[in-house]
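In what follows, a structure is listed as structure tokens, so that the remarks can point back to it.
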Amino acid sequence: MILPLHTDLRRAIASALGTLYGLAPDAMPPIVIEYPPNRRMGDLAVTVAFDLARTLRKAPRLIAAEIAAAATGPAGLGRLEATGTGYLNLFLDRPRFARARIGGDPPAAAAGDAAKTIVEHTAINPNKAAHIGHLRNAALGDTLCRLLRFRGADVEVQNYIDDTGVQVADVVVGLRELEKKDVDDVRRLAEEPRFDDYCWNLYARVTRWYEEDDARLSHRRDALHDLERDADSTAAMARVVTDSIVRCHLRTMARLGIEYDLLSWEGDILRLAFWDRAFEILKASGAVRLQADGRLAGCWVMPIDEPGEAEAPSDADGGDPDADARLKVIVRSNGTVTYVGKDIAYQLWKFGLLGRDFHYRRFDAQPSGRPLWTTSSAAAPDGGGPTAPFGRAAAVYNIIDTRQSYLQRLLVQALVALDHPAEAERSVHFSYEMVALSRNTAAALGHAASADDGKPFVEVSGRKGLGVKADDLLDQVTERAQQEVAARHPDLPAVEQRRTAEIIAAAAVRYFMIKFSRGKVIAFDIDEALSFEGETGPYLQYATVRARKILQKLRDRHGLETADILEGLAAAPDAPLAGPAGDELWGLVLEAARLDEIADQAVRTLELSVLAKYAFALAQRFNGFYHSSPVVAEPDEAVRRWRAAGVAWFEAQMTRALALMGCEAPDRM
RNA sequence: GCGCGUGUAGCUCAGUCGGAUAGAGCGACCGCCUCCUAAGCGGUAGGCCCCUGGUUCGAAUCCAGGCACGCGCGCCA
């Protein structure tokens, strides 16, 4: 991997700068490392000479030349060369670099990064089937988890279940009022494998039913009230619904290799009175206060810092008409807590700041064998709690779409108001834009496009039942993949064809959800999602399969095991990597080494598309190499050996990159 | 009104801490399977990087002001 080399290079240059110009470490400009447009210019480039030109009153090219002379052969990395314009280009010692990495282990975790990190993602209302919007959330969340673990963090994945909200209440109303079901009926229904589909339709029907007559909304209010009080028949029915649908969601996500450590139920947060405790803390610290008069009389409110204003006026009770706008109600005048309040309590728990805890019990098994726990309101009869405690994290990532930015900002402000600046700092809202439907896809789903004329896309709406269900998408993509597999490998047993198709479909969907930068609305287009060509997950898998095929052929025809290839490298002549003839192979080796740098960048910027783009570019490079550089049939043994090593290195790194995206390559495609 | 996000090729998007000739994919057109899998590869066409000004040796990138589009901003959940 390449990050340690970056460190060495920076150190070498910084040391040269110290010697040449007497720069103190704190006066040192940031040493930016980039990659020249092509390999003939160099392997890495440093632009520090440009930054120093002003302060040193000297032309960049002179500075670059002086640094190049002073920092010759930094730590044996290679040759440093100054350009006529002022770049410092590093030409790596190719064989040395390649031998040091090919066949090496993944990087050891960076020290100090091992702190416990909670990632919350998925969090689908348990009242209907998951749709493509939820898929983006889960794909981003799961990929972030994998990246954090890759960098050595101890990650706990939580999936929040809002089992006491309106959405669940609505489905319960539908079951009772529209379907005339009782708890036992619902229990039978919930056994059906696609119960989530049934509820998807029912939910949309209930919405229409409300719209026909506003008076019917009283059913929702009553149901919601019953849910919050945990009252008998309604709550019992809701439990059947939410339990069944959560299991549907888990099965859907498992198709994409997405698993969790803990399900956190809002019902448990209510029953265990997390909010009462949080309220005490908020009151004690003065973070919330009771409004005596005005529009919000009788409410407990939290002052909000608007990002625009530098300093809030001394106090708000001076009759300022805008003052109320900067107050967020936490407890209503009727004494009930708002959404934000519950979120604050939960966030405090995540950091171990609440002073209360859930009970826990085991939930279902997950395909990988990773244990899944669920929160619980009462201690398990066998008393068997988890071995490691949940919560008490040093950092928290909440994966929630950008529409929740305002609420997430309030959470951070509450932490600041409670005098937990470190936790506020490490309370990260991973925000991303929604998934909408392209106009074509919406039309194909029977949505009249004329309804919202000007818009470039059509928003998914669970309430209206408008959207592409995650399982439907996966089914379609799998079916398409299976046709391809069957055409290419007709002799393969059907089970194997199916398995291969599933692996391909999962990669197609996951890559699609990751490849856009998070600030971009995805206008989901079904034809695009069903494509396996160009910048897609299957393209990455195909390149990997090709690499494995070469390694397989080397075993078959030359009796060359991959381990032998790597061992033989030490004694192999350097020539195949040298000069223009070696450029193609060298470019592949260097690019494949950058995975750690990319993982680092992705986590730092929370821009996971860089991982997708990198993996694609790497696969492209390999395919170029594949067409230009035969391996198995190469007569020159040294060349064959080096090329084989390059293929093995690519295969190892690409497999890791795919794993970071929750994908694998099938045996054949 | 305020806040956040987005604006780059016909379409969908990359473009790293400001750096070398602005790149992919799709679509269009022209080629490549006696050769490790054509889910691939090579080539051609396609650009006012939304506009104006500023900072800088250097701006798609930073700053200011506009314009357009999207999303937020309730004692709702």
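To find a chain, count down the sequence lines: A is the first, B the second, and so on, and within it residues start at 1. The model shown is predicted, which means the values in this text are computed figures rather than measured ones.
- At a threshold of 4.0 angstrom between heavy atoms, the contacts of A/V32 include nucleobase atoms, whether or not backbone atoms are also involved.
- At a threshold of 4.0 angstrom between heavy atoms, the contacts of A/A617 with the nucleic acid are absent.
- Between A/F532 and A/Y542, the ring centre distance reaches or exceeds 6.0 Å.
- The side-chain hydrogen bond (donor to acceptor under 3.5 Å, both in side chains) test applied to A/D343 returns no partner, not counting sequence neighbours.
- Taking the ring centroids of A/F50 and A/Y87, they lie under the 6.0 Å cut-off.
- When only modelled atom types and interatomic distance are considered, A/R480 and A/Q483 share no side-chain donor-acceptor pair under 3.5 Å.
- Remark: A/T85 pairs with A/T83 by the side-chain hydrogen bond (donor to acceptor under 3.5 Å, both in side chains) rule, at least two apart or across chains.
- In this structure, CZ of A/R403 is placed 17 Å from C1' of B/G3, rounded to the nearest angstrom.
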Where along nucleotides 29-46 of chain B does protein come under 4.0 Å, by heavy atom, of base (B) or sugar-phosphate alone (S), with - for untouched nucleotides?
-------BBSBBS-----
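- Not a single donor-acceptor pair, N or O on each side, falls under 3.5 Å between the base of B/C4 and the side chain of A/T402.
- Under the rule for a side chain to side chain contact (heavy atoms under 4.5 Å, CB included), the partners of A/E228 that lie at least two apart in sequence or sit in another chain are A/L224, A/L270.
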Close N/O contacts between protein and nucleotides 59-62 of chain B (under 3.5 Å):
none

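- The salt bridge (charged side-chain N to carboxylate O under 4.0 Å, His left out) pairs that include a residue from residues 606-623 of chain A are A/E535-A/K613, where partners are two or more places apart or lie in different chains.
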